[in-house]
Amino acid sequence: FGSSRSQLHLKACPFQILSMAPRTLPSSLPRAVLVASALAASAAVAAAAGKTRAELMRGVSYGPVPFKTQEGMSTLPEDDWFCDEAVPMWGRAGRADLRTIRSMGANMIRLYGNNPSNDHTNFLDEASSEGLSVAAGMSDYPYYQQVRGSCKDATNFNCFSQVKPQYEQNLRNGFLTMRNEYHPALKYMNILNEPDLKMPHTADIGGEEDTKQMARTIISAFDGMLQAEKELGVVGPLINFTATFSYAVCRNCGEFAGKPALGQIWRLHDAMHHPEEYGYTPQNNITAAYEARFVHSFNTQNPATDLQHQFLDDYSATFPSTPVYIGEYHRVPGNQTEDLDTILGLAEQNPLFLGISFFEYQVSYWKTGSEMDFGMFGLGDFVLAEMPYFSETYSIYCLAPMDSPASGMSMPDAVAKVFGGSPIDTTHLCQANPLAVPPTQEGFETVAAQKGDSQMVRFIENTIHHMGGTVSSDGLSSLATLATDFATSGSSESNGDFAQLAGFLGGKPTWVSFDDKAQCVSNRNVGPTVIGAAIAWTCSRAKTFSCGDVPSYCSKNTYRIADFVFSRFYKELGASADPLTDCNFGGAAMFASSKLYDTWTGSAQCVSGETTFTTTNRASTSTFTASSLTVTTTTATTTTFTGSSTSFMGHADIEVATMRFNLRIGLPGLLNG
């Protein structure tokens, strides 16, 4: 009944969750009667709800290890691909994975890998701007990978003390906004992926005690997460939790000994209602939280035609008020358009069935063998960027859509067809991203050489964003016309050069809205290494402010620290400052309109001239010292500041002179990577 994968975590999307009523069923009735009754009720609910394809969960599972072989896996620092360091893959100026996923018609992204000490605000902001919900999950680390102190080996499958501090870090590092509310992009938290294959690995095939250990793992971890929420004072709309089981048959789970996934779900349901029978005394009312906030999930590659009789009929009868979704779905040999259409059709017909997350975005070359058959995109040969990733640096290759012979098209196009998205435009997949090149003559020539109007449109619009403007809703045709005029050649006199383009935009055409609230802020499209170097440089030269005065609500995130510093430094330069040259800092900054930086969590509260912001979240303080900092990147660009005798060559091999200053921050390793 399907295969399992040893990946790490999960979460889901923005769907209305049914209120949870008690699930006690009259055990005296035959199961066939219960199933018939539940199906009749489901049909009535579905007719009333009018569930459409657009309302379903249409997710993509995302674990983009940047290797074409197994080589490098042994030294991979970690597999957290939604942290700031991985922005060259998912960011819109990098490989733009999030934008690609959204263009396919997906509305959710399921994640693997989660280091709670990393900040995830930038990823969540980007997902939100693309209209994607985020499904994250807890790492396997506290459960059984932790060398000393794992809950499997140290606390007999009681995971409260291990999971609570981990989840508390997640909440502090991006899961919560500055108002102690969950980030609007975050919808589900997976307690553990495939716990029946891990905690212990014999839960499906062993005795009753093995299944109880599995259940104790989940309920104690759930309790720890609830306690973390309580201690940090989380307010506002709450997310839902899940635990994603495999599609294996559990022999001794108490019920459904011959049905896949149902036995594991039943065992967890029972443990949530009777934790004392599982050797656990919760600190919170986990039963009420389970009834109100839990969604079941499982992984499978079985044909869509199996699902109704193997799972949904019994599920609807036994758990009539708890939604369920498939966290990993992909029937590799099948016609993807037909199989996916069938599985989403079942979700339309079954009110409890929310939808699926398609497995998976990128080929997992490191797994080898048949596990490589699941990926929608392979990796091409063109290197889009070099990605500093903690102690290593990796080449980020462009994407190459994989074929789906049974579907008669590429795999991503097949998924997009069923999800309601657009076919993948492969024309520019393996060319420099116009948002990644600098708004300079060099960048202009790079894009012009691609001879594509759409690429020049993106470059010009990005230049406008760096000048504190946005294209008005009725100005898109004017933008397209301008791009056509400049697209053919970046050097011919007839088509002009960047100086002419900048001069034209500086004349403030009527179809561009320039914001008088624009500020010099950190560029969310670059990694924290570049941002950190620029922070150090500007702090060492600040005259009218001190970097030691960064308020606590800004100091917990590298990008918000930069918002505070860059905006104030730029104002020191006075009226003669040029947004394109003086708000750059080696690519770390941009002169952004409020329409843009208002979409970034906390940015508006940290820029110069904004009022202070009060939050009930606990402040975290540490001392930062930078000494002989060396930053190495790839493209040589020099920016000279007005009124300054020092040049900041942020894209060249540079050494920032020894500086020492104390900076109150809440994010450890400001300049790591």
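Values below: all heavy atoms of this structure, side chains included; hydrogens, waters and symmetry mates excluded. In what follows, residues are counted from 1 in the order of the sequence shown.
For the pair K198 and Y143, the cation-pi test (distance below 6.0 Å, angle within 45°) is failed.
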Carefully, step by step, assess F377 and Y361 under the rule ring-ring contact (aromatic ring centres under 6.0 Å, His included).
-> CA-CA 6 Å; F377 292 98; Y361 183 74; 5.1 Å; yes
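Of the residues listed (V60, L56, L346, L340), the one engaging I356 in a side-chain contact (heavy atoms from CB on, under 4.5 Å) is L340, and it is the only one.
When ring centroids are compared, W600 and Y559 stay outside the 6.0 Å threshold.
Between the side chains of T242 and N190, no donor-acceptor pair is found at a separation under 3.5 Å. Judged by distance alone, the side chains of Q308 and N350 do bring a donor and an acceptor atom under 3.5 Å apart.
Counting non-hydrogen atoms of neighbouring residues, nucleotides and ligands closer than 6.0 angstrom, the NZ atom of K595 reaches no more than 12 such neighbours. Within 6.0 Å of atom NZ in K417, 12 or fewer heavy atoms from other residues, nucleotides or ligands are found, so the atom counts as exposed in its surroundings.
Here N335 pairs with T337, E338, A406, S407 under the side-chain contact (heavy atoms from CB on, under 4.5 Å) rule; sequence neighbours left out. The side-chain contact (heavy atoms from CB on, under 4.5 Å) test applied to F67 returns V65, M73, L76, Y394, not counting sequence neighbours.
By the 4.0 Å N-to-carboxylate-O rule, R524 lies too far from E126 to be salt-bridged with it. Using a 4.0 Å cut-off between charged nitrogen and carboxylate oxygen, D341 and R53 count as a salt-bridge pair.
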